[in-house]
Amino acid sequence: QGRMWVGKYATGLSLYDPVKDRFVNFTKAKEDRASLNPSYIAGIFEDDAGILWFGTEDDIVSVHPGLSTNADSVIQQILFRKTPCKGCKDGATQVERWDDSSIVVVSFGGLFAVNRRTGRISRAPLPRVDGMRLDTLPVHTVFRESPQKLWIGTSSHGLFLLDQNK
C-alpha cells in the first residue's frame, strides 16, 4: 500500500505517510482503552489479510489499517485489538507466521501461538528435544526459512530447526 510502519522503543508506533512525506505517531488517547499504549513495539508482521500484528510489553496487538496510504485517513479509521500475553516474560520481541490460521509470538517466556481469527493465545505446539520443552525456553529470535521450516534461536540452548511437515 506504499506505507511503512515503524515500531519504536518508548514512543509506540509510527506510520510513514508518503503523500505528505511525514511520519504520524499513534499515541494513547485519554480515556480510550482501544488506543495504543506508548510502549515499545516489536516485530511488526503483516499477514495475508493485510492485518498488522506486533508485540508490546504487555499485549499482542492486531490492527487492520485499511487501504488508504494517507496517514490521516488511517488514523481516523484505525482500531487496535489488544490481547494480553500473560506468559510473555518481558514482552513480545518478534511476531512471525506460524501456520495458515495463527501467528507465533517470540518472548523470553517462550513461544506462543495466536489464532488470527479469535485472538486466543496458547503455547506453540513444539516437540520435545532432548527432554526439553522448546515452547518454554527463553527465545531470542525466529527465522522463517520456508512455509514449513522455522529456525528458533534460544538464549541458553542454541538453535533449533522446526519442520512443521513432521
Side-chain angles (χ1 to χ4, degrees), residues 1-124 138-147 149-153 155:
Q1 301 298 324
R3 296 181 289 224
M4 180 173 62
W5 294 91
V6 178
K8 299 178 289 181
Y9 179 69
T11 56
L13 185 68
S14 292
L15 169 62
Y16 176 69
D17 183 345
V19 175
K20 295 183 180 178
D21 190 30
R22 67 183 176 126
F23 280 93
V24 175
N25 295 317
F26 291 85
T27 58
K28 182 163 179 64
K30 290 182 181 179
E31 311 284 328
D32 184 0
R33 293 182 308 190
S35 65
L36 188 64
N37 290 328
S39 63
Y40 81 87
I41 303 294
I44 299 171
F45 173 75
E46 184 175 7
D47 69 16
D48 296 338
I51 297 173
L52 295 175
W53 295 87
F54 50 89
T56 71
E57 291 170 292
D58 304 311
D59 304 307
I60 307 306
V61 181
S62 64
V63 61
H64 194 297
L67 300 175
S68 176
T69 57
N70 181 312
D72 294 324
S73 297
V74 173
I75 288 171
Q76 291 173 4
Q77 65 184 359
I78 202 163
L79 177 64
F80 296 98
R81 182 176 101 179
K82 297 182 280 189
T83 305
C85 189
K86 301 290 186 209
C88 292
K89 183 179 176 186
D90 297 328
T93 58
Q94 188 177 350
V95 180
E96 179 59 67
R97 177 189 175 279
W98 179 252
D99 59 26
D100 291 339
S101 62
S102 301
I103 59 168
V104 66
V105 176
V106 176
S107 80
F108 295 119
L111 293 179
F112 296 86
V114 180
N115 182 294
R116 293 191 282 191
R117 187 178 51 80
T118 65
R120 184 176 170 271
I121 298 176
S122 59
R123 286 278 177 187
V139 177
H140 276 280
T141 191
V142 295
F143 173 74
R144 173 75 53 198
E145 178 180 323
S146 70
K149 292 185 178 180
L150 182 72
W151 289 92
I152 302 168
S155 62

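All residue numbers in this chain count up from 1 along the given sequence.
For D48, the salt bridge (charged side-chain N to carboxylate O under 4.0 Å, His left out) test picks out no residue, with sequence neighbours left out. Scored by the salt bridge (charged side-chain N to carboxylate O under 4.0 Å, His left out) test, D47 finds R116 as partners (sequence neighbours excluded). For F143, there are no ring-ring contact (aromatic ring centres under 6.0 Å, His included) partners, not counting sequence neighbours.
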Intermediate values then yes/no, side-chain contact (heavy atoms from CB on, under 4.5 Å), W98 and V105:
CA-CA 9 Å; W98 179 252; V105 176; over 6 Å; no

Please report the C-alpha distance between E46 and W53 in whole Å, then the side-chain angles of each, then the deciding distance to 0.1 Å, and finally whether the side-chain contact (heavy atoms from CB on, under 4.5 Å) criterion is met.
CA-CA 6 Å; E46 184 175 7; W53 295 87; over 6 Å; no

Applying side-chain contact (heavy atoms from CB on, under 4.5 Å) to Q94 and V142, what does each step give before you reach the verdict?
CA-CA 8 Å; Q94 188 177 350; V142 295; 3.6 Å; yes

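Shown here for R97 and D100, the closest heavy-atom pair between the two residues is NH2-OD1, 3.1 Å. When all heavy atoms of G55 and A92 are compared, the pair lying nearest together is CA-CB, 3.7 Å.
Other residues, nucleotides and ligands contribute over 12 non-hydrogen atoms within 6.0 Å of the CZ atom of R144.
Within the model, atoms CG of L111 and CG of L150 stand 7.5 Å from one another, a figure rounded to the nearest 0.5 Å. Note: Y16 OH to R22 CZ = 10.5 Å, rounded to the nearest 0.5 Å. The CZ atom of R117 sits 13.5 Å away from the OG atom of S62 when rounded to the nearest 0.5 Å. Rounded to the nearest 0.5 Å, atoms CG (D59) and CD1 (I121) are 8.5 Å apart. Here the CZ-CG distance, from F23 to L13, works out to 11.0 Å after rounding to the nearest 0.5 Å.
Each of I41, I44, L52, T56 was scored for a side chain to side chain contact (heavy atoms under 4.5 Å, CB included) with V61, with one residue passing: T56.
Contact of the V95 side chain with the V104 side chain is not registered, since no non-hydrogen atoms from C-beta on lie closer than 4.5 Å.
E145 contributes no side-chain N or O that, together with a main-chain N or O of W151, makes up a donor-acceptor pair within less than 3.5 Å. Put simply, the side chain of S14 never gets that close to the backbone of V6: no donor and acceptor are under 3.5 Å apart.
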